[in-house]
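Note that the coordinates shown come from a computational prediction; the quantities given were computed from them, not determined experimentally. Protein chains get the first letters and strands the later ones, always in sequence-line order, with residue 1 at the start of each.
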There are 2 protein chains.
Amino acid sequence: MAKILPLIDADFLRHGQDHYLRHLSVDCVIFGFHENQLKVLLLKWKVGPWCLPGGFVKKAESLQDSAIRTLHERTALKNIFLQQFYAFGHPLREKGKARDTKLRGTWLEDRFVTIGYYALVDYSKVKPHPDMFSDECTWWDIESVPELLYDHNEILTKALEALRLDLHYHPIGYNLLSKKFTMPELQKLYETILAKPVDRRNFQKKILSLKILVRLKERKTGGAHKSPYLYKFDEAKYRKALREGLAGGF
Amino acid sequence: MAKILPLIDADFLRHGQDHYLRHLSVDCVIFGFHENQLKVLLLKWKVGPWCLPGGFVKKAESLQDSAIRTLHERTALKNIFLQQFYAFGHPLREKGKARDTKLRGTWLEDRFVTIGYYALVDYSKVKPHPDMFSDECTWWDIESVPELLYDHNEILTKALEALRLDLHYHPIGYNLLSKKFTMPELQKLYETILAKPVDRRNFQKKILSLKILVRLKERKTGGAHKSPYLYKFDEAKYRKALREGLAGGF
DNA sequence: TCAAAAGTGTTTCGGATACACCCATGA
DNA sequence: TCATGGGTGTATCCGAAACACTTTTGA
């Protein structure tokens with residue numbers, strides 16, 4: 001569970017349980033990619049540590065819709081790639097929660113089980129949105145994430161593992177990159193997620209063999225060296241690959 | 001959510017919410033293997049359809065422990081291989097629940113989100129345990145599972161998909177077979193889970209290359225043909241492979 | 001003109017697949 | 001003795017990995 005404070009007001013504390021499912025929250029690990037760095041969107045309360053953006057589940061809302069809502073509130077994006085990856089339910093996962101006197105006697109004092117979702121978004125399209133109760137909402141490099149609220153570091157780690165596994169079966173990049181991108185950019189994305197280097201030429205061969213990319217006439221200019229081609233995803237084939245998985249894998 | 005009726009008594013209906021987390025349940029897809037058939041353990045209420053064995057989450061209990069408890073109640077087994085695979089949270093997933101008048105006005109009338117676990121157990125060691133509220137608790141062939149309660153068919157399907165994926169990264173069989181088993185038995189297990197035939201000789205080479213099996217001196221006698229060797233898992237190497245994953249995959 | 005990045009091959013290797021032969025067993 | 005299933009070995013293929021050369025660009 002995240003975003004207790006951001007959501008807290010008197011009414012929410014008293015009547016939240018009339019609108020939301022008790023004991024249940026959704027946390028979103030929002031991945032972005034910028035300047036050859038994998039990023040994650042974190043939220044900071046006015047008082048307290050950084051945490052994952054999260055929310056609660058309305059009484060007539062699916063888990064997925066709850067995650068979509070949370071995501072929209074933070075990034076103002078719609079049609080985001082979203083994947084459920086794990087449910088965290090250790091009874092003591094919310095370390096330090098009991099000390100929060102504001103919650104005493106409210107439904108938020110209870111133990112929460114949280115459903116983890118990860119999202120892949122286009123960094124350039126996101127205007128991070130702190131709400132009125134939180135100080136900041138910004139991107140962090142994946143390697144330099146600070147100590148987070150509760151078990152959120154663990155959730156983040158698990159999200160990254162899930163993403164790595166999914167990488168082998170699903171085409172990613174469509175969601176993390178701009179519409180047009182270069183092959184080196186896509187390669188760097190894979191390298192960052194997998195946390196290991198990949199041979200430039202073999203990568204190109206493999207990714208092109210998936211037949212989900214279209215090479216454009218344009219090249220990317222402005223770089224200090226030979227200008228690389230721009231590519232975009234073949235939407236139809238990309239969708240098909242998403243549905244059916246990548247035969248070869250990665 | 002499953003096992004509403006099996007657990008129902010007046011006290012549970014009235015006071016269940018004092019001991020269990022509301023809106024939250026755990027469902028277990030228990031896989032077994034017998035006579036070259038992948039099986040799943042299903043429960044039948046005295047009134048109503050077949051369903052997955054499930055249970056509720058105690059207030060100070062982890063999701064995993066809740067699943068372990070459920071499993072123990074049905075199979076009397078401990079130390080079971082257990083894997084969380086998905087959380088099912090569609091608000092209308094419990095189709096037909098509203099019609100159940102017994103639940104009216106109780107905490108069970110509410111919508112439930114259920115966490116799906118699958119388990120791999122040694123068929124020969126299980127004595128299926130219907131409790132006093134349920135008629136039957138028996139093994140079903142995976143291909144001939146009947147129409148189940150709520151969205152349990154969907155849950156079962158998803159469990160099977162998860163098992164298939166995990167198969168590539170984790171050594172299974174240790175949990176589904178007896179201590180000693182033959183190579184053809186293990187092969188049939190893989191074939192049933194993957195739902196496709198595998199070449200006998202290539203299978204043997206591959207599985208042996210994983211170095212997690214030990215061939216025993218004994219052979220299995222009584223078959224109508226050449227007696228196959230018996231194998232067992234090398235416990236240490238098996239555990240290592242479970243932790244670190246199978247390099248080659250399957 | 002030159003260093004660095006990008007485009008486009010070829011070679012090599014290992015694992016996966018396909019396939020063949022012999023052996024043991026109970027009917 | 002023979003049909004069937006089980007143990008073991010070899011040839012082949014394909015994708016992955018390793019590697020080389022040329023081209024373009026701004027500094």
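- Looking at B:Arg219, its side chain has no donor and acceptor atom pair within 3.5 Å of the base of C:dA24.
- Look at OH on A:Tyr229: it is 10 Å from C1' on C:dA6, rounded to the nearest Å.
- Residue A:Lys206 has a polar side-chain atom (N or O) positioned under 4.0 Å from OP1 or OP2 of D:dA16.
- Closest to the B:Asp199 side chain, of the nucleotides C:dC19, D:dT24, C:dC23, is C:dC19.
- A donor-acceptor contact under 3.5 angstrom links the side-chain atoms of B:Arg200 to the base of D:dG7.
- Protein atom CG of B:Leu208 is 16 Å distant from nucleotide atom C1' of C:dA16, rounded to whole Å.
- Put simply, CG on A:Asn36 is 11 Å from P on C:dA5, counting in whole angstrom units.
- Of the side-chain N and O atoms in A:Gln204, one or more sit less than 4.0 angstrom from OP1 or OP2 of C:dG7.
- Going from atom NZ of A:Lys220 over to atom P of C:dA6 covers 10 Å, rounded to whole Å.
- Atom CG in A:Leu210 sits roughly 13 Å away from atom C1' in D:dG15 (whole-Å rounding).
- Candidate nucleotides C:dG9, C:dA3, C:dA18 were compared by shortest atom distance to the side chain of B:Lys205, and C:dA18 ranks first.
- If you take CG of B:Leu194 and C1' of C:dA16, they are 15 Å apart, rounded to a whole angstrom.
- One donor-acceptor pair, N or O on each side, does fall under 3.5 Å between the base of C:dA20 and the side chain of B:Arg201.
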Ring pair (Phe, Tyr, Trp, His ring centres under 6.0 Å) between A:Phe85 and A:Tyr117, intermediate numbers included = CA-CA 6 Å; A:Phe85 64 93; A:Tyr117 281 84; 7.8 Å; no
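- Contact of B:Lys226 with D:dT8 (side chain to base): no donor-acceptor pair of N or O atoms is detected under 3.5 Å.
- Take the nearest nucleotide of DNA chain C for A:Met183 and for A:Ala224: the residue whose nucleotide is more 5' is A:Ala224.
- Checked against C:dA6, C:dA24, C:dA20, the side chain of B:Ser227 finds its nearest nucleotide in C:dA24.
- Among the protein residues, B:Arg215 comes within range of the sugar-phosphate backbone only, with heavy atoms under 4.0 Å from sugar or phosphate atoms but none that close to a base.
- Note: NE2 (A:His225) to P (C:dG7) measures 13 Å, nearest angstrom.
- The distance between atom NZ of A:Lys217 and atom P of C:dG7, rounded to the nearest whole Å, is 16 Å.
- Salt-bridge annotation for A:Lys180 and A:Glu218: present, with a side-chain N of the basic residue lying under 4.0 Å from a carboxylate O of the acidic one.
- Salt bridge status for B:Arg93 with B:Glu154: absent, with no side-chain N to carboxylate O gap under 4.0 Å.
- Outside the 6.0 Å centre-distance limit, the rings of A:Phe31 and A:Phe33 are not counted as a close aromatic pair.
- A:Tyr238 and A:Phe233 have perpendicular rings, their planes meeting at more than 60° on a 0 to 90° scale where under 30° would count as parallel.
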